[in-house]
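Before any comments, here is the structure.
The shown structure was predicted, so the numbers you read here are calculated from the model rather than taken from an experiment. Sequence lines set the chain letters: A, B, ... in the order given, protein chains first and strands last, and positions in each chain run from 1.
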Amino acid sequence: MDYDFKSIEKKWQAYWASEKTFKAVTDESKPKFYVLDMFPYPSGAGLHVGHPLGYIASDIFSRYKRLKGFNVLHPMGYDAFGLPAEQYAIQTGQHPEITTTNNINRYRQQLDRIGFSFDWDMEVRTCDSKYYKWTQWAFLKMFDSWYDPSADKARPISELIEKFKTTGYDGITPEKWASATDKEKSDILMNYRIAYQGETAVNWCPQLGTVLANDEVKEGLSVRGGYPVEQKKMTQWQLRVSAYAERLLKGLDTIDWTDSLKEMQRNWIGKSEGTEMVFNTICGDRQMPITIFTTRADTVFGVTFMVLAPESDLVPQLTTPEQKVKVDEYLQYVKKKTERERIAETHTVTGVFSGSYAINPLTGEKVPIWISEYVLAGYGTGAIMAVPAHDSRDYAFAKTFNLPIVPIIEGCDVSQESFDAKEGRMCNSGFLNGLDVKEAIEAAKDYVEAHGLGRRKTNYRLRDAIFSRQRYWGEPFPIYYKDGIPTPIPMDKLPLVLPEITEFKPTEAGEPPLARAKDWTWDGYPLEKSTMPGFAGSSAYYLRYMDPHDDKALVGERENKYWRDVDLYIGGTEHATGHLIYSRFWNKFLYDLGYVCEEEPFKKLINQGMIQGRSNFVYRIVNTNKFVSVGLKDQYQTTEIHVDINLVRNDKLDLEGFKAWRPEFNDAEFILENGEYVCGWAVEKMSKSMFNVVNPDDICDTYGADTLRLYEMFLGPLEQSKPWDTKGIDGVNRFLKRFWRLFDNLSEEKASPEELKVLHKLIGKEQEDIEAFSFNTTISAFMIAVNDLMALKCSKREILEPMVVLLSPFAPHISEELWHMLGHGGSVADASFPEFIPALAAEDVVTYPVQFNGKMRFTVELPKSAPAAEVEAYIREYPQTAKYVGDMKIIKVIVVPGKIVNVVIK
RNA sequence: GCCUUGGUGGUGAAAUGGUAGACACGAGGGACUUAAAAUCCCUUGGACCGAAAGGUCCGUGCGGGUUCGAUUCCCGCCCGAGGCACCA
């Protein structure tokens, strides 16, 4: 009987759906296991073959854990708010909700065909008001909380107000608080709220008409759309992520993520321990201190000038009247530049002298204060001390403007370039002379603190997340403005539903699209017109999956106590500094307030690699309609043309199909190699324009879902990026057919030890490999086992039955069918993982303890046929071995049948 | 520039410091077949010796080191991928 995957897959997918085979129920009697995929944004293009890679891996693991007796939560949903749907709406007038729903339906169809074991009853959609009610709820909780540095956690803002009223706090005395107006009180509290409104330099994208977060901008261009982004000061909602910088950093040590990903987050958080130091200044006849931040307090004797960021508040105060014209000119020049230009011109040095001087607090020396764009306003204090001898940026600046360069580490030649020394001996440095750099840093810090010149200070690069977007298709803020004071709407009135509008552009006045909504007010007061960014909805979705239908809480206490955190999270590395930081922050916040019971949301995280496209080319001879096979193309002058990969199989072109592809190729002629047209190829991004998109539906049509699943895993290690290449797909398909055929002559005979060994070797290997996420080698092991069984002509139930269970995580459809054929009712998902008997799996060797010299004891592994005497003889025969015998503890002799090949010493 | 990765046949790739290249693709040869498809069997890192059985040498980016033994560990280079980048 043939392996008819089409009817098999249809049958079992319908069965799983109707029986709710993969339903996850909170059940304290069983151990839990939570497997999560990063939910997709449902784009109009549908799924390509790269998307399911991670889903297949997580599905295998889920099914495996289920067989191991775990209660598995494996949900799926959609990150459905977002820019593409809105942009499409602006162009076509089609409401984003309609396109989003259509796209979701298409995604669902495609996902279903692959045979995932998702519990669809747990589905969430971020654009569903029942879902975003809880996004808004979390926002209000953040609005209603402050970060208490003494407790190092978030607390209700009411506690802070109480402090203001009674004891006073942070410079706000009870008197001051009592006399403040409502507006002033609101302004004071904004400085403490976790979700707050504040003016800040933002990434403004004029083309998109919205602000963007730092992780949504790359090289001065928006990640979505690639439009230029400029810096602009605006009042925006923000999340005080920076308050959590240290905990976000420390938490990394407690979770099982890849080193590279942790490193990315560490860099993004950017902790740097240094010193804040005060320099006095002389500006005309006024004096004013400026504070700088440095990690190299030891280099203070090498300071020859100071630099301010152009945006620094100190600039106007320190500019002397004589320099004012020049400084203003420079500020204008800097302001005009876009972020992109600033980045592109990284190596051109610009700046202007302020006219003022600073006094080096250690030497009393007078050094000029300059203004330059190479100093950033947003980091440290926006002012630096420049040590040109030992910092390449300061060096370039000093060279350009002819400022002195004083080396303070012995033996540096600074005539050509700076010497960014991290070690060496100090010189020209007063009391630091003779010290090593590392000692000097500490000594300088101590000195500065002891003499009241500054203090130790830790800076983080991580900035607060800008949380408003001037867009329509997102969560509305549950905030209205009562007499200009931002006021939350009552919790029990959530959700605040996104209003209907018909045009999705910003208004002519430049207001966000929500300004077009009719009656966008609350109690007669205007509601906030911005919406929340994409990461709002994705920051707590893993919690909602635990209890998605609860309308009393984001997640019920019982459900949260049971499911706790995500045991395995699989997704792309592109979210390293976005979603994965925000989620951790969001979760820590909820943890502080006691709403969730784990501080870190994702225990283990695996980054699946990307699947790139493999494009094919044909070569047209210039000025003809003749195409030459790749091996012969160098004999002609040719143009390379992308050809639709659906017309190519194993790099051989389907000539008739090609002629029919496009009218201009109708009368194409070909120069063949060995009777075939061989195409060239290249690895490129999978995209429509390169005709290299592979739709999983097509693979399911030709080979079946199980082949697709096996093949994507067989392609190579999960974490690695790799091109999609259908070349090898026949191999796994053949394997499934072979496995199927073993059942043709199913026998009830008792299995031989040899046959049992094949099985148990496989069980051992499967277990080990799946736990290590090495799915490609698992499949290899399966192929070997099946080949072995074929060689043994074994079709015994005793062997095949457990093998069906073993295969079921990888190829669930065929497994279910065979399970059924073996006479079982129900689903193989209810079976349990076969028990492993190590004795049966062991290699065909015996271990002999061998006495040697009457003292030492060696373990020797040999085939049953090899006598121990042979080993002893070997050891005596080889002096190099004998020589080491004296200090060895164990010797392991590895033996190939009949022949000793190596001696292992430990 | 900094950080993180990776570099093994024609291709995708395997190898707790212990027979490098498992498994699969492709290629070549063969069986079955009127033929094709499907299926099955053999060969397949390179160079050499041998009529054959079989054997020898070289081989995991390059150069060193540790080790009885290195794809694996250490040091220094080269190349690729990803991230960060005037962060003081």
> Which whole number of Å gives the distance between the C1' atom of B:G61 and that of B:A81?
Replying inline: 15 Å
>> Let's test this: given Watson-Crick or G-U wobble pairing with both distances under 3.5 Å, identify the partner of B:A13.
In response: none
> Choosing from B:U4, B:A22, B:A24, which nucleotide comes nearest the side chain of A:N787?
Replying inline: B:A24
>> Under a 3.5 Å cutoff, is there a donor and acceptor pairing between the side chains of A:T350 and A:Y330?
In response: yes
> Which one, B:G83, B:A14, B:U5, comes nearest to the side chain of A:P717?
Replying inline: B:A14
>> Can you tell me if A:Y374 touches the phosphate of B:A88, counting only side-chain N or O atoms and a distance under 4.0 Å to OP1 or OP2?
In response: no
> Does A:K727 come within less than 4.0 Å of A:D725, counting only side-chain N to carboxylate O?
Replying inline: no
> Mind checking who B:G18 pairs with, Watson-Crick or G-U wobble, both distances under 3.5 Å?
Replying inline: B:C68
>> Could you tell me how far B:G18 sits from B:U5 if I compare only their C1' atoms? Round to whole Å.
In response: 27 Å
> On a whole-Å scale, what distance lies between the P atoms belonging to B:C84 and B:U66?
Replying inline: 41 Å
> Considering only the P atoms, how many Å lie between B:A24 and B:U44, rounded to the nearest integer?
Replying inline: 15 Å
>> I want to verify a distance call: between B:A88, B:C84, B:G83, whose nearest atom is closest to the A:W268 side chain?
In response: B:C84
> Quick one: do A:R456 and A:E442 make a salt bridge, cutoff under 4.0 Å?
Replying inline: yes
>> Need the glycosidic conformation of B:G29: syn if within 90° of 0, anti if not. Which one?
In response: anti
>> Output the rounded distance in Å from CG (A:D725) to C1' (B:G26).
In response: 10 Å
>> Check A:K457 with A:E273, please: is the shortest side-chain N to carboxylate O separation under 4.0 Å?
In response: no
> Can you tell which of B:A22, B:G12, B:C25 lies closest to the side chain of A:I784?
Replying inline: B:A22
> Parallel, tilted or perpendicular: which fits the ring planes of A:Y379 and A:F293, with parallel below 30° and perpendicular above 60°?
Replying inline: perpendicular
> Should B:G50 form a Watson-Crick or G-U wobble pair with both distances under 3.5 Å, which nucleotide is its partner?
Replying inline: none
> Nearest of B:A24, B:A13, B:A88 to any side-chain atom of A:R738?
Replying inline: B:A24
> Pick the nucleotide of RNA chain B nearest each of A:K737 and A:A781; which residue has the one closer to the 5' end?
Replying inline: A:A781
> Nearest-Å distance, CG (A:D730) to C1' (B:C23)?
Replying inline: 16 Å
>> Measuring only the C1' atom in each nucleotide, how far is B:A14 from B:U71? A whole number of Å is fine.
In response: 11 Å
>> Using a 3.5 Å distance criterion without hydrogens, assess whether the side chain of A:N203 forms a donor-acceptor pair with backbone atoms of A:V229.
In response: no
> According to the Watson-Crick and G-U wobble definitions, with both distances under 3.5 Å, which nucleotide is paired to B:U44?
Replying inline: B:G26
>> Can you see if the side chain of A:Q720 gets near the phosphate of B:A13 - specifically, an N or O under 4.0 Å from OP1 or OP2?
In response: yes
> Closest nucleotide of RNA chain B for A:G380 versus for A:I779: which of these residues is on the 5' side?
Replying inline: A:I779
> Rounded to whole angstrom units, what separation is found between the CG atom of A:L710 and the P atom of B:C23?
Replying inline: 17 Å
> To the nearest Å, how far apart are A:I269 CD1 and B:C84 C1'?
Replying inline: 14 Å
> Considering only B:C40, B:A88, B:U5, which nucleotide approaches the side chain of A:D259 most closely?
Replying inline: B:U5
> When you measure from the side chain of A:S260, which nucleotide among B:A88, B:U4, B:A24 comes out closest?
Replying inline: B:U4
> Could you state the NZ-P distance from A:K399 to B:C86, rounded to the nearest angstrom?
Replying inline: 24 Å
> B:C84, B:A88, B:A24: which one has an atom nearest the side-chain heavy atoms of A:R461?
Replying inline: B:C84
> To the nearest angstrom, how far is A:D744 atom CG from B:C40 atom P?
Replying inline: 13 Å
> Can you tell me how far C1' of B:A81 sits from CD of A:E574, to the nearest Å?
Replying inline: 15 Å
>> Measure OH/A:Y711 against C1'/B:C23 and give the value in whole Å, please.
In response: 13 Å
> Is A:R734 touching bases, backbone alone, or none of the nucleic acid, heavy atoms closer than 4.0 Å?
Replying inline: sugar-phosphate
>> Only pairs with both distances under 3.5 Å count, Watson-Crick or wobble alike; so what is the partner of B:A88 in this structure?
In response: none
>> Roughly how many Å apart are B:U4 and B:A88, using the C1' atom of each and rounding to a whole number?
In response: 24 Å
> Under a 3.5 Å cut-off for both distances, is B:U5 Watson-Crick or wobble paired, and to whom?
Replying inline: B:G80
> Considering every strand shown, what is the Watson-Crick or G-U wobble mate of B:U33 when both distances are under 3.5 Å?
Replying inline: none
>> Distance check, P atoms only: B:G59 and B:G28, in whole angstrom units.
In response: 31 Å
> Counting side-chain heavy atoms from CB outward, which of B:U4, B:C25, B:A88 is closest to A:K727?
Replying inline: B:C25
>> OP1 or OP2 of B:A14 versus the side-chain N and O atoms of A:N776: is any pair under 4.0 Å?
In response: yes
> With rounding to whole Å, what would you report as the distance between B:A13 and B:C68 at their P atoms?
Replying inline: 36 Å
> Is a side-chain donor or acceptor of A:K765 paired with a backbone partner of A:A781 at a separation under 3.5 angstrom?
Replying inline: no
> Counting side-chain heavy atoms from CB outward, which of B:C40, B:A13, B:A88 is closest to A:K722?
Replying inline: B:A13
>> Between A:F305 and A:F397 (judged by ring centroids, cut-off 6.0 Å), do the two rings come close enough to count as a pair?
In response: yes
